[in-house]
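Structure first, then comments.
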Protein chains: 2
Amino acid sequence: MTTPTGARELAHPAYEEIRLADVLHALADPMRLRVVCGLAVAGTEVNCSAVELPVSKSTSTHHFRVLRESGVIRQSYRGTAKMNELRRDDLDALFPGLLDTVLAAAHRQKARLGPDAG
Amino acid sequence: MTTPTGARELAHPAYEEIRLADVLHALADPMRLRVVCGLAVAGTEVNCSAVELPVSKSTSTHHFRVLRESGVIRQSYRGTAKMNELRRDDLDALFPGLLDTVLAAAHRQKARLGPDAG
DNA sequence: CGGTTTGTACGATAGACCTCGTAGTACGGT
DNA sequence: ACCGTACTACGAGGTCTATCGTACAAACCG
């Protein structure tokens with residue numbers, strides 16, 4: 001009886017706690033950039049394994065946590081799955097245009113270097 | 001006679017070699033973010049010690065090098081000084097809007113948290 | 001030439017980070 | 001109750017990073 005209520009809770013930074021340096025650090029990893037691009041394309045909540053990464057599952061979990069703890073994504077449990085979505089509202093309010101320019105930059109670079117480049 | 005010509009040369013990544021993840025990583029450090037903001041405010045070339053950082057001089061050198069090697073700034077020697085400027089042209093061409101949105105985000109966050117916050 | 005200014009190189013240290021495998025937990029279905 | 005799915009927690013390994021101090025180099029100024 002460690003968690004009384006059935007719903008497991010996940011620690012997210014509050015709106016005021018989101019730091020630009022943390023967000024940039026979260027986005028500065030190729031794997032996490034892939035995740036963010038994948039979530040942007042999806043548009044809605046997707047579960048963790050929906051974004052395929054060339055790393056082990058525990059590493060994937062690690063990256064999702066970094067993204068959550070920096071304020072880039074929101075995570076919630078739904079059954080056995082864990083759903084992920086971009087914190088677009090908060091990010092756009094805090095740092096207008098940042099997410100979109102990063103996504104556009106990632107898209108451009110992918111087109112320039114080929115889809116398989118880091 | 002290790003360096004034949006008098007002008008010391010500095011290694012910069014070519015335009016095509018600049019990687020988004022590297023740029024984001026360079027910007028993801030509070031000290032380097034300060035440097036970038038300082039250079040943006042200056043608008044022109046400034047020497048290394050023009051941007052005051054609460055770290056030792058050798059650490060400062062380290063951060064300037066990271067910024068140069070990621071393609072964020074351009075460095076050149078001028079007498080005993082080393083001049084620094086943003087690579088605005090290249091960054092804007094590669095990742096339109098990225099630098100400006102990051103600068104704006106940094107400015108907003110500084111206003112929100114106070115000028116002394118990381 | 002001698003001194004000053006400006007920044008570099010090197011080595012060290014402590015902490016963070018990415019990656020993995022294994023073992024375990026929570027939930028849903030049969 | 002049992003099993004499968006989806007993800008986590010923990011510990012470990014190897015690499016990278018930020019920081020520092022000291023010693024050094026390059027250019028300028030008398």
Side-chain angles (χ1 to χ4, degrees), chain A residues 1-12 19 21-35 45-70 72-85 118, chain B residues 1-12 19 21-35 38-39 45-70 72-85 118:
Chain A
M1 207 179 277
T2 49
T3 50
T5 59
R8 291 165 284 171
E9 305 258 329
L10 287 163
H12 290 77
R19 296 283 174 278
D22 293 341
V23 170
L24 292 175
H25 171 249
L27 298 175
D29 182 276
M31 293 303 151
R32 291 194 289 262
L33 213 42
R34 275 197 210 199
V35 171
E45 288 186 321
V46 298
N47 65 5
C48 284
S49 35
V51 183
E52 296 205 8
L53 298 179
V55 294
S56 75
K57 201 150 24 168
S58 42
T59 301
S60 187
T61 296
H62 160 71
H63 287 309
F64 274 100
R65 181 171 46 201
V66 172
L67 287 169
R68 186 188 73 236
E69 293 181 344
S70 65
V72 175
I73 69 172
R74 208 175 338 248
Q75 292 189 296
S76 58
Y77 288 103
R78 180 169 311 176
T80 67
K82 190 179 203 170
M83 307 307 283
N84 306 273
E85 66 177 340
Chain B
M1 206 178 276
T2 50
T3 51
T5 59
R8 291 165 284 172
E9 306 257 330
L10 287 163
H12 291 76
R19 296 285 173 274
D22 293 340
V23 170
L24 291 176
H25 172 249
L27 296 175
D29 181 278
M31 294 301 152
R32 293 195 287 263
L33 213 42
R34 275 198 210 198
V35 171
L39 294 185
E45 289 185 319
V46 298
N47 65 4
C48 285
S49 36
V51 183
E52 296 205 8
L53 298 179
V55 293
S56 77
K57 203 158 14 175
S58 41
T59 301
S60 188
T61 296
H62 160 71
H63 286 308
F64 275 99
R65 181 171 46 202
V66 172
L67 287 170
R68 185 188 74 237
E69 292 180 345
S70 66
V72 175
I73 68 171
R74 209 176 337 250
Q75 293 188 296
S76 58
Y77 288 103
R78 181 168 309 177
T80 67
K82 190 180 204 169
M83 307 307 285
N84 307 273
E85 65 175 339

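Note on naming: letters A, B, ... go to the chains in the order of the sequence lines (proteins, then strands), and numbering restarts at 1 for each one.
Rounding to whole angstrom units, CE of residue M31(A) and P of dC17(C) are separated by 17 Å. Between Y77(B) atom OH and dT5(C) atom C1' the separation is 15 Å, expressed in whole Å. dA6(D) atom C1' lies 12 Å from atom CG of N84(A), rounded to whole Å. Protein atom CD of Q75(A) is 17 Å distant from nucleotide atom P of dA26(C), rounded to whole Å. E45(B) has its CD atom 16 Å from the C1' atom of dT6(C), to the nearest Å. Nucleotide dA16(C) holds its P atom 14 Å from the CG atom of D29(B), rounded to whole Å. Computed from coordinates, the M83(B) CE to dA27(D) P distance equals 16 Å when rounded to whole Å. Protein atom NE2 of H25(A) is 11 Å distant from nucleotide atom P of dA16(C), rounded to whole Å.
Between E45(A) and S76(A), the shortest heavy-atom contact is OE2-OG, 3.6 Å. The two residues A81(B) and N47(B) make their nearest non-hydrogen contact at CB-CB, 4.0 Å. Minimum interatomic distance between A11(B) and R68(B) (heavy atoms only, all atoms of both residues): O-NE, 3.0 Å. When every heavy atom of V72(A) is checked against every heavy atom of A26(A), the shortest pair comes out as CG2-CB, 4.1 Å.
Here the straight-line distance linking atom CG of L24(A) with atom CZ of R32(B) works out to 11.0 Å at 0.5 Å rounding.
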_Criterion side chain to side chain contact (heavy atoms under 4.5 Å, CB included) on V35(A) and M31(A), from CA distance to verdict_ = CA-CA 6 Å; V35(A) 171; M31(A) 293 303 151; 5.7 Å; no
*Residues C48(B), Q75(B); criterion side chain to side chain contact (heavy atoms under 4.5 Å, CB included); working and verdict*: CA-CA 9 Å; C48(B) 285; Q75(B) 293 188 296; 4.2 Å; yes
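Taking 4.0 angstrom as the limit, R65(B) places a side-chain polar atom (N or O) nearer than this to OP1 or OP2 of dA9(C).
In this structure, R32(A) reaches the sugar-phosphate backbone alone: every heavy-atom distance under 4.0 Å involves primed, P, OP1 or OP2 atoms, never a base.
DNA chain C lies under 4.0 Å from at least one heavy atom of each of the following residues of residues 53-64 of chain A: V55(A), S56(A), S58(A), T59(A), H62(A), H63(A).
The residue among N47(B) and T80(A) whose nearest nucleotide of DNA chain C is located toward the 5' end is N47(B).
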